[in-house]
Number of protein chains: 2
Amino acid sequence: MATPHRTSKSSSSSTTSGAARTYTIGELARHFGITSRTIRFYEQEGLLEPERRGQTRIYRDRERVRLKLTLRGKRLGFSLAEIREVVTLYDAMPDGDIQQLRRLMELLAEKRTEMQRRLEDIKLMQRELDDVENQCREALDTLLERH
Amino acid sequence: MATPHRTSKSSSSSTTSGAARTYTIGELARHFGITSRTIRFYEQEGLLEPERRGQTRIYRDRERVRLKLTLRGKRLGFSLAEIREVVTLYDAMPDGDIQQLRRLMELLAEKRTEMQRRLEDIKLMQRELDDVENQCREALDTLLERH
DNA sequence: GGTCAAGTTGACGTTGACGTCAAGTGAAGA
DNA sequence: TCTTCACTTGACGTCAACGTCAACTTGACC
C-alpha cells in the first residue's frame, strides 16, 4: 500500500542527493486520498504542470507542494480558479518584472484579508458551538437529575 | 429602495416590545447581499422554515439568525447538507429526548474538530502568505536598488 | 511472447448550488 | 379601475468539480 516503487527495481539512482525524488500519479493520489482523475483535472485547470516521460506524467516535489496547497485551499472553500491565480503567480516570480511583483503583492493582500475574515468566522462558529454545547449539558443534567 | 415597508402604512404596531420585527424575503436578500431565489432554495433544502401570511413568506429573527449561520457556514466551505444537520438539530432540542441530545453533542464534537483543522489550515496559509510576501519585498528591493 | 497492473486520452454523466425565465397573485397608490 | 411592484410557484438552464466508462499504450515480470 505504501511501497516506495521507484522508477525501476534498482531503486533511486537519480543524481546524487535524495532531493530529486519523483512520484507517479497513483502515489500522489493515494498519499492525498484523492483519485488520479482529480489530479489530471487539476492539471487541465492549470494548477499542476508535471513533466512527461513519453506519455506518463512524472511529479517532483514542486508539484507535490502545489497539490498540497491546492487541497488546503479547497478545504478553506476557495475555488480552483482562485487557487490557480495565487499558485501560478507564485512561481512566475523568477526575474519577474516589477509590474508582476506588484500585482502579486496586491493579490496577497486580498487573500490575507480573506483569511482574516474566515478566521473571524471560525471564531464565531466556535463560540456558537460552545454555547450550544453548554445548553446541551444543562438540558442533559436536568433530565438526568429527575432520575 | 430601502423603504421599511412594514405590513401596513400604519407602521410597526406588533405587540409591545420591538422584538417581534418581521422581514420580507427581499429585505433579507438585500441585507445579506444574496437573491430571493437563494433564500427560497435554502428553504426548499430545509434550512429555513418561515411562516406564511397567505402565500407570502414572513421571516422573524429566528430565520434571520439561521440565514446568517448558513451563510457563515458556506463561507467556511460547508455544504448545505452539513449546515442543515446542525441547524435543524439545533432547535429540535426543546424537550428533546436524551438520545437526540447525545447525538447533537456528537455532531458538535465533530464540527469542533473540523473547525480546529480549518484553523490550522488558515494559520499555515497565512504563514505561507507571509513567506511569499517577504520574498516579494526582497526581490522588489534588489530590483529597485539597481535603479 | 503473453499478460497484467497502472497510466493515458477523450467523451459523456452527475451532483450541488444556484440563475433565469414564464405566468400568475395581492395589495398600495394614482 | 388600472397600474405597478414585490412576491409566488414551477420548470428548465448553467457552471464547477469531479466520476465513470471505453479504448488504448507501456513497462515489468513469468
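By convention in this document, chain letters (A, B, ...) are assigned in the order of the sequence lines, proteins followed by strands, and residues within each chain are numbered from 1.
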**Complete:** Rounded to whole Å, OH of B/Tyr59 lies from P of D/dA6 at a distance of 16 Å

**Fill in**
Of the candidates C/dC18, D/dT26, C/dT25, the side chain of B/Thr38 sits closest to C/dC18

**Message:** Please determine whether a side-chain nitrogen or oxygen atom of A/Arg57 lies at a distance below 4.0 Å from atom OP1 or OP2 of C/dT8.
**Reply:** yes

**Selected nucleotide, minimal atom distance to A/Tyr42 side chain, candidates C/dC18, C/dT8, D/dC18** = D/dC18

**Request:** Mind checking A/Ser36 for me? I need base, sugar-phosphate or nothing, with any heavy atom below 4.0 Å counting as a touch.
**Result:** nothing

**Message:** So, under a plain 3.5 Å distance rule, would you say the side chain of B/Arg40 forms a donor-acceptor pair with the base of D/dT9?
**Reply:** no

**Asked** Do any side-chain nitrogens or oxygens of A/Lys74 fall under 4.0 Å of OP1 or OP2 in D/dA17?
**Response** no

**Asked** Are the side chains of B/Glu63 and B/Arg57 in touch, meaning some heavy atoms are under 4.5 Å apart?
**Response** no

**Item:** Residue-phosphate contact under 4.0 Å: A/Thr24 side-chain N/O, C/dG7 OP1/OP2
**Value:** yes

**Prompt:** If you pin A/Thr56 and A/Glu45 to their nearest nucleotides in DNA chain D, which one's is more 5'?
**Reply:** A/Glu45

**Item:** CZ (A/Arg102) with more than 12 external heavy atoms under 6.0 Å
**Value:** no

**Prompt:** What pair of heavy atoms forms the shortest contact from A/Leu144 to B/Ile98, and how long is it?
**Reply:** CD2-CD1, 3.8 Å

**Message:** By nearest heavy atom, map B/Arg37 and B/Phe78 onto DNA chain C; which one lands nearer the 5' end?
**Reply:** B/Phe78

**Prompt:** When you measure from the side chain of A/Phe41, which nucleotide among C/dT8, C/dG19, D/dA17 comes out closest?
**Reply:** D/dA17

**Message:** So if I take every side-chain heavy atom of A/Gln55 and compare against C/dA11, C/dC18, D/dT26, which nucleotide ends up nearest?
**Reply:** D/dT26

**Complete:** The salt bridge (Lys or Arg N to Asp or Glu O under 4.0 Å) partner of A/Glu43 among A/Arg52, A/Arg37, A/Arg84, A/Arg66 is A/Arg52

**Request:** Between C/dC18, D/dT9, C/dT8, spot the one nearest the side chain of A/Arg52, thanks.
**Result:** C/dT8

**Asked** With a 4.0 Å cut-off on heavy atoms, is A/Thr35 in touch with a base, just the backbone sugar-phosphate, or nothing at all?
**Response** sugar-phosphate

